[in-house]
2 protein chains.
Amino acid sequence: MNQTIPLYFSLFNEIGIISQLGRALLDARLPEGIIGSQFSVLNHLIRVKDGRTPLELANSFQVPKTTMTHTISGLQKHKLILIKPHPEDGRSKQVWLTEKGRDLRNNTIASLSPQLVELLSPIPHDQIESMVSNLTKIRILLDNNRD
Amino acid sequence: MNQTIPLYFSLFNEIGIISQLGRALLDARLPEGIIGSQFSVLNHLIRVKDGRTPLELANSFQVPKTTMTHTISGLQKHKLILIKPHPEDGRSKQVWLTEKGRDLRNNTIASLSPQLVELLSPIPHDQIESMVSNLTKIRILLDNNRD
DNA sequence: GTTATTTAGTACGATATCGAAGTATGTAGT
DNA sequence: ACTACATACTTCGATATCGTACTAAATAAC
């Protein structure tokens, strides 16, 4: 079982590098003033559901609340989201997408897609599928691990 | 081929999240004052080879040179690396590991290993292997893509 | 119902990351 | 050998991220 350990570290190492390189691809497509972390929030609000609270978002991205406050305030400044008071909890807030935010996310993805397809064309489709499936399992394992 | 595009985004999305969660696991093991980006440099110097120049390191991690200057200076402050003038290029420098740096990296990995083994135990070994192999291919594709 | 504790978000100060401009060395062109 | 350009690193100012301490609202204890 000794070979296993370096393998695990390779796994995280490759994942870390790809994450960084993928982020660079994204940044290149984002309009001036919008940054990767902000885009991730827009993306999450569309993929999952908007109306999330700042704290829920912070937990989803495993970042401190204060970081999310900052990220959100930037999105709000660009009118990409709308912050409303939480209807059932006076301490809390809800984050809603604006039309502009929705468009920005969709346009960015549309603009990035051809490059991704081109870049990943050497990898067979079914292998990508199986990777995503395994990565999802790993993500869930890690996710459940946080207390 | 229309299903392919969301799949690709899922791929990067999962990778991004795992990268973040993995980084959190690492940070929890690092001694006070040492940060993930600094550890990555130590790790790279051992995995690849030390004696790299700051610019080579910046390129390896796809970060700006200025960021690497800062990261390196932190490592130097903790005596984890040694900076020497480059023997063949007066503009450049070389980054060498100290014994302390080597130990810190090895101890951190040793301390992290059991948790990783435990966490990833539900995933069959051969699937991890095939993932690492595919991730490496993707990493190389992305790497070659930068101009 | 009053008090203590917990929870959601923010303010503030410290450090990390980054882009633009500066300095010094190396290289090419002639 | 001189000039022009390229390259390696640093300095500096701006923003991102993060930890600590705070405020306000909700919940629990009694």
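Quick note on labels: first sequence line is chain A, next is B, and so on, each numbered from 1. Scope of the values below: all heavy atoms of this structure, side chains included, with no hydrogens, waters or symmetry mates.
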Please report the C-alpha distance between A:Thr108 and A:Leu104 in whole Å, then the side-chain angles of each, then the deciding distance to 0.1 Å, and finally whether the side chain to side chain contact (heavy atoms under 4.5 Å, CB included) criterion is met.
CA-CA 6 Å; A:Thr108 302; A:Leu104 177 90; 4.2 Å; yes
Whole angstrom value for the distance that separates [atom2] of [N] from [atom1] of [X]:
X: A:Lys65; N: D:dA21; atom1: NZ; atom2: P; result: 13 Å
X: B:Glu32; N: D:dC18; atom1: CD; atom2: C1'; result: 13 Å
X: B:Glu88; N: D:dA8; atom1: CD; atom2: C1'; result: 15 Å
X: B:Arg91; N: C:dG22; atom1: CZ; atom2: P; result: 20 Å
X: A:Asp27; N: D:dT15; atom1: CG; atom2: P; result: 16 Å
X: B:His70; N: D:dT15; atom1: NE2; atom2: C1'; result: 14 Å
X: B:Met68; N: D:dC9; atom1: CE; atom2: C1'; result: 13 Å
X: B:Ile72; N: D:dT10; atom1: CD1; atom2: P; result: 7 Å

Pairwise side-chain contact, A:Pro122 with B:Leu141, heavy-atom cut-off 4.5 Å (strictly under)
yes
With the side chain counted from C-beta on, respond yes when B:Leu57 and B:Leu45 share a heavy-atom pair under 4.5 Å apart, and no when they do not.
yes
At under 4.0 Å, does any side-chain N or O of [X] touch on OP1 or OP2 of [N]?
X: A:Ser37; N: D:dA16; answer: no
X: A:Thr69; N: C:dT10; answer: yes
X: A:Ser92; N: C:dG9; answer: yes
X: B:Thr67; N: C:dA16; answer: no

Where along residues 42-61 of chain A does a heavy atom fall under 4.0 Å from DNA chain C?
A:Thr53, A:Pro54, A:Leu55
Between [options], which nucleotide gets closest to the side-chain atoms of [X]?
X: B:Thr66; options: D:dA25, D:dT11, C:dT10; result: D:dT11
X: A:Asp89; options: C:dT10, D:dA25, D:dT10; result: D:dA25
X: A:Val63; options: D:dC18, D:dT7, D:dT17; result: D:dC18

Quick one: does any side-chain atom of A:Ser133 pair with a main-chain N or O of A:Glu129 as donor and acceptor, under 3.5 Å?
no
Whether B:Ser10 side chain and B:Pro6 backbone form a donor-acceptor pair below 3.5 Å:
yes
CD of B:Glu32 to CD1 of B:Ile34, rounded to nearest 0.5 Å, is 9.0 Å
Applying salt bridge (charged side-chain N to carboxylate O under 4.0 Å, His left out), can you list everything that pairs with A:Arg139, at least two apart in sequence or on another chain?
B:Glu14
Assess, by modelled atom type and distance only, whether the side chains of A:Gln115 and A:Arg29 contain a donor and an acceptor separated by less than 3.5 Å.
yes
Return whichever of A:Gln62 or A:Gly90 has its heavy-atom-nearest nucleotide of DNA chain D closer to the 5' end.
A:Gln62
Whether over 12 other heavy atoms sit under 6.0 Å from B:Lys100 NZ
yes
Does B:Ile17 share a hydrophobic cluster with A:Ile140, counting links as ILVMFWY side-chain heavy atoms below 4.5 Å and allowing steps through other members?
no
Please figure out whether A:Gln20 or A:Lys93 has its closest DNA chain C nucleotide nearer the 5' end.
A:Lys93
Annotated structure of DNA chain D as dot-bracket, pair cut-off 3.5 Å, Watson-Crick or G-U only, | for inter-strand, is ||||||||||||||||||||||||||||||
